[in-house]
Chemist: 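Here you go, one structure.
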Amino acid sequence: MKTMGFVFLLLAFFAIGVVQGQLRVGFYSNTCPDAESIVSSVVRNAAQSISNIPPVLLRLHFHDCFVEGCDGSILIENGPKAERHAFGHQGVGGFEVIEQAKAQLEATCPGVVSCADIVALAARDAIALANGPSYEVPTGRRDGRVSDVSLAANMPDVSDSIQQLKAKFLQKGLSEKDLVLLSAAHTIGTTACFFMTKRLYKFSPAGGSDPAISPDFLPQLQSICPQNGDVNVRLPMDRGSERTFDKQILDNIRNGFAVLESDARLYDDETTRMIVDSYFGILTPIFGPSFESDFVDSIVKMGQIGVKTGSKGEIRRVCTAFN
């Protein structure tokens, strides 16, 4: 009986450890009950003064999770070798919003809320501000202790083939469906002409443009991004719906109006093409699938890539520096 009792206690202790080591909705309900509302308030205020904050924060979450997992490693600023300076992170921003939220949280409940969780919560709030779906964010991430520019060398790239994109997502435990849905996050925000030059003028060794671009759309893109023009000029990634989080970008992909090359490649592959088309069937409004619901599933799944929980990592005092 003593042996059985010891085994029971051991199993109970192990079970508690497993539960504590997992993310869960409401992780801060006892230790910092206002955590999520503080982050929401900071994001909302930032969006009132800077209109492009929603897509910026959404992109920040994606880029954080794809290197070393969702651990806030992209936030560290410790010199030129810091991860945030990687070529694949060009144009990523929103750092000051995360730092503002962290400062308020430290004043309210010091040493409790991780920077990694702030990034995930801020992305959720950003999506809601763009009229996207509301959803619960499992929290309990801890901050990583590594930030190395070389670790971001394999980020998904706008010029990747569909095979490369599928492989990079699979390496993170994400499916072809997740690839389509997370790419659809491009429904809000802009890109720079820098990322359009190859697609518009150097798509093949002989030059020329990507044949997947609709002939009705190509002149518009080339007028915004002329050859040898200013590569810093920005254009919406979702033609006709750049400020609203919706499935319009998938319809654009179907009809040759994708802006980014990587988005257009989703229609090159039979599997990803079927996933894109599934949101536009005659009976889709009645029987589904639901783009909004499926997107939530994918971003919550992405938010659990390589997370540090339990005793791993740390809770930073400031998001730009290790403790």
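Every heavy atom of this structure was used, including side-chain atoms; hydrogens, water molecules and symmetry mates were not. Keep in mind it's a predicted model, so treat the numbers as computed, not measured.
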Chemist: Do any N or O atoms from the side chain of N323 and from the backbone of R317 form a donor-acceptor pair under 3.5 angstrom?
Modeler: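 Answer holds: yes.
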Chemist: Mind running side chain to side chain contact (heavy atoms under 4.5 Å, CB included) on D148 and E68 for me, showing each step along the way?
Modeler: CA-CA 10 Å; D148 187 331; E68 289 293 288; over 6 Å; no
Chemist: Going by an N to O cut-off under 4.0 Å, is there a salt bridge joining D160 and K168?
Modeler: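 Yes, charged N to carboxylate O under 4.0 Å.
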Chemist: Just wondering, do V149 and F87 contact through their side chains at under 4.5 Å, heavy atoms?
Modeler: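 No - every pair of side-chain heavy atoms lies 4.5 Å or more apart.
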Chemist: Is any side-chain heavy atom of E292 closer than 4.5 Å to a side-chain heavy atom of F245?
Modeler: no
Chemist: Would you say the side-chain atoms of T108 pair up with the backbone N or O of C32, donor to acceptor, closer than 3.5 Å?
Modeler: no
Chemist: Measuring from atom CD of E270 to atom CD of E176, what distance do you get when rounded to the nearest 0.5 angstrom?
Modeler: 10.5 Å
Chemist: Thinking salt bridges, do D71 and R142 make one under a 4.0 Å N-O criterion?
Modeler: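 No.
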Chemist: Taking I249's backbone N and O only, do any of them form a donor-acceptor pair with N252's side chain (distance below 3.5 Å, no angle check)?
Modeler: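 Not confirmed, N252 side chain does not pair with I249 backbone.
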Chemist: In Å, rounded to the nearest 0.5 Å, how long is the span from NE2 of H63 to OG of S73?
Modeler: 12.0 Å
Chemist: Ignoring hydrogens and angles, tell me if any N or O in the side chain of E99 forms a donor-acceptor pair with the backbone of C319 under 3.5 Å.
Modeler: yes
Chemist: Output, in order, the C-alpha distance, side-chain angles, deciding distance and verdict of side-chain hydrogen bond (donor to acceptor under 3.5 Å, both in side chains) for D294 and Y279.
Modeler: CA-CA 10 Å; D294 286 353; Y279 296 104; 2.8 Å; yes
Chemist: Heavy atoms only: give me the nearest R316-G144 pair and the separation to one decimal.
Modeler: NH2-O, 3.0 Å
Chemist: When you measure from the centre of the six-membered ring of F295, is the NZ or CZ of K247 under 6.0 Å away and within 45° of the axis?
Modeler: no
Chemist: Tell me whether E314 is salt-bridged to K308, with the criterion being a basic N under 4.0 Å from an acidic carboxylate O.
Modeler: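 Salt bridge flag = no for K308 with E314.
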Chemist: Can you tell me how far CD of Q227 sits from OG of S209, rounded to the nearest 0.5 angstrom?
Modeler: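 S209 OG to Q227 CD: 11.0 Å, rounded to 0.5 Å.
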Chemist: What pair of heavy atoms forms the shortest contact from N255 to D251, and how long is it?
Modeler: ND2-O, 2.8 Å
Chemist: Between V25 and T139, is any pair of side-chain heavy atoms under 4.5 Å apart?
Modeler: no
Chemist: Hey, are the side chains of I213 and L200 touching, using non-hydrogen atoms and a 4.5 Å cut-off?
Modeler: yes
Chemist: If you apply the rule side chain to side chain contact (heavy atoms under 4.5 Å, CB included), what do you find for T272 with I162, and how did you get there?
Modeler: CA-CA 9 Å; T272 50; I162 186 62; 4.0 Å; yes
Chemist: Can any side-chain N or O of S223 pair as donor or acceptor with the backbone N or O of Q220 at less than 3.5 Å?
Modeler: yes
Chemist: Just by distance, do the side chain of D64 and the backbone of L60 share a donor-acceptor pair under 3.5 Å?
Modeler: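 No; judged by distance alone, with no hydrogens or angles, the pair does not exist.
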Chemist: Taking D34 for its side chain and S37 for its backbone only, find out whether a donor-acceptor pair lies under 3.5 Å.
Modeler: no
Chemist: Mind checking whether I98 and V112 sit in one hydrophobic cluster, side chains of I, L, V, M, F, W, Y counted as touching below 4.5 Å?
Modeler: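 Same cluster.
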Chemist: Determine whether F322 and V146 fall in the same hydrophobic cluster, where Ile, Leu, Val, Met, Phe, Trp and Tyr are linked whenever their side-chain heavy atoms lie under 4.5 Å apart.
Modeler: no
Chemist: Looking at E261 and R199, is there a salt bridge between them, counting it only when a charged N and a carboxylate O are closer than 4.0 Å?
Modeler: no
Chemist: Rounded at 0.5 Å granularity, tell me how far CD1 in I118 sits from NZ in K102.
Modeler: 5.5 Å
Chemist: Any idea which heavy atoms bring G313 and R145 closest together, and the distance?
Modeler: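 Looking at all heavy atoms of both residues, the shortest contact is O-NH2, 2.7 Å.
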Chemist: Would you list the atom pairs, donor with acceptor, under 3.5 Å between side chains in residues 42-55 and any protein atom, with sequence neighbours excluded?
Modeler:
unit_1, atom_1, unit_2, atom_2, d
N45, ND2, S41, O, 3.2
S49, OG, A46, O, 3.1

Chemist: Which donor-acceptor pairs under 3.5 Å do the side chains of residues 125-136 make with protein atoms, sequence neighbours left out?
Modeler:
unit_1, atom_1, unit_2, atom_2, d
D125, OD1, S40, OG, 3.1
D125, OD2, S40, N, 3.4
D125, OD2, S40, OG, 3.0

Chemist: Measure across I224 and V233 and return the closest heavy-atom pair with its distance rounded to 0.1 Å.
Modeler: O-CG1, 3.9 Å
Chemist: Report yes or no: do F203 and M196 belong to one cluster of Ile/Leu/Val/Met/Phe/Trp/Tyr joined by side chain heavy-atom distances under 4.5 Å?
Modeler: no
Chemist: Can R84 be said to sit on top of F95's aromatic six-ring, NZ or CZ under 6.0 Å from centre and within 45° of the ring axis?
Modeler: yes
Chemist: For D268, is there an ion pair with R273 - N to carboxylate O distance below 4.0 angstrom?
Modeler: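 Here R273 does not pair with D268 in a salt bridge, since their nearest N and O are not under 4.0 Å apart.
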Chemist: Under a 3.5 Å distance rule, please check whether S214 uses its side chain to pair with a backbone N or O of G256 as donor and acceptor.
Modeler: no
Chemist: Does the structure place the NZ or CZ of R254 under 6.0 Å from the centre of the six-membered ring of Y267, at an angle of no more than 45° from the ring's axis?
Modeler: no
Chemist: Hey, is the main chain of L151 close enough, under 3.5 Å, to the side chain of E83 for a donor-acceptor pair?
Modeler: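 Not at all, since once roles are kept as given, no pair shorter than 3.5 Å links the two residues.
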Chemist: Counting C-beta onward and ignoring hydrogens, is there a side-chain heavy-atom pair between L75 and D143 closer than 4.5 Å?
Modeler: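 Sidechains of D143 and L75: no contact.
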Chemist: Do L57 and L181 sit in one hydrophobic cluster, given that two such residues count as connected whenever their side-chain heavy atoms are within less than 4.5 Å of each other, even indirectly?
Modeler: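 Same cluster.
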Chemist: Using a strict threshold of under 4.0 Å (side-chain N to carboxylate O), is an ion pair present between D210 and R265?
Modeler: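 Result for this pair is yes, salt bridge flagged.
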Chemist: Using side-chain heavy atoms (C-beta onward) and a distance below 4.5 Å, is M155 in contact with V67?
Modeler: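 Counting from C-beta outward, M155 and V67 do come under 4.5 Å.
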Chemist: Determine, for F257 and R239, whether the Lys NZ or Arg CZ falls below 6.0 Å from the six-membered ring centre while staying within 45 degrees of the axis.
Modeler: yes
Chemist: Can you pull out every side-chain hydrogen bond (donor to acceptor under 3.5 Å, both in side chains) where at least one residue sits in residues 182-191? Sequence neighbours excluded, please.
Modeler: H186-D263, T187-D238, T187-D246, T190-R234
Chemist: State plainly whether one hydrophobic cluster holds both L165 and V259, where clusters connect Ile, Leu, Val, Met, Phe, Trp and Tyr through side-chain heavy atoms under 4.5 angstrom apart.
Modeler: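 In one cluster: no.
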Chemist: I want to check something: taking the side chain as every heavy atom from C-beta on, are D117 and Y28 in contact at a cut-off of under 4.5 Å?
Modeler: yes
Chemist: Heavy atoms, side chains only, cut-off 4.5 Å: are I299 and H61 in contact?
Modeler: yes
Chemist: Tell me the closest heavy-atom pair linking I282 and P285, and the distance in Å.
Modeler: O-CD, 3.5 Å
Chemist: Test ring-ring contact (aromatic ring centres under 6.0 Å, His included) on F169 and F66 and set out the steps.
Modeler: CA-CA 9 Å; F169 273 67; F66 258 71; 5.1 Å; yes
Chemist: What distance do L260 atom CG and L235 atom CG have between them, rounded to the nearest 0.5 Å?
Modeler: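 CG of L235 is found 8.0 Å from CG of L260.
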Chemist: Give a yes or no answer on whether the side chain of R141 reaches the backbone of G303 with a donor-acceptor pair at less than 3.5 Å.
Modeler: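 Judged by distance alone, yes, a pair lies under 3.5 Å.
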Chemist: For V113 and E106: C-alpha separation, side-chain torsions, deciding distance, then whether side chain to side chain contact (heavy atoms under 4.5 Å, CB included) applies.
Modeler: CA-CA 8 Å; V113 182; E106 285 298 300; over 6 Å; no
Chemist: So which atom in F217 and which in A258 form the shortest heavy-atom distance, rounded to 0.1 Å?
Modeler: CE2-O, 3.8 Å
Chemist: Rounded to the nearest 0.5 Å, what's the gap from OG1 on T271 to NZ on K177? Could you check?
Modeler: 13.0 Å
Chemist: List the steps, then state whether side chain to side chain contact (heavy atoms under 4.5 Å, CB included) holds for S161 with Q164.
Modeler: CA-CA 5 Å; S161 68; Q164 289 173 311; 3.3 Å; yes
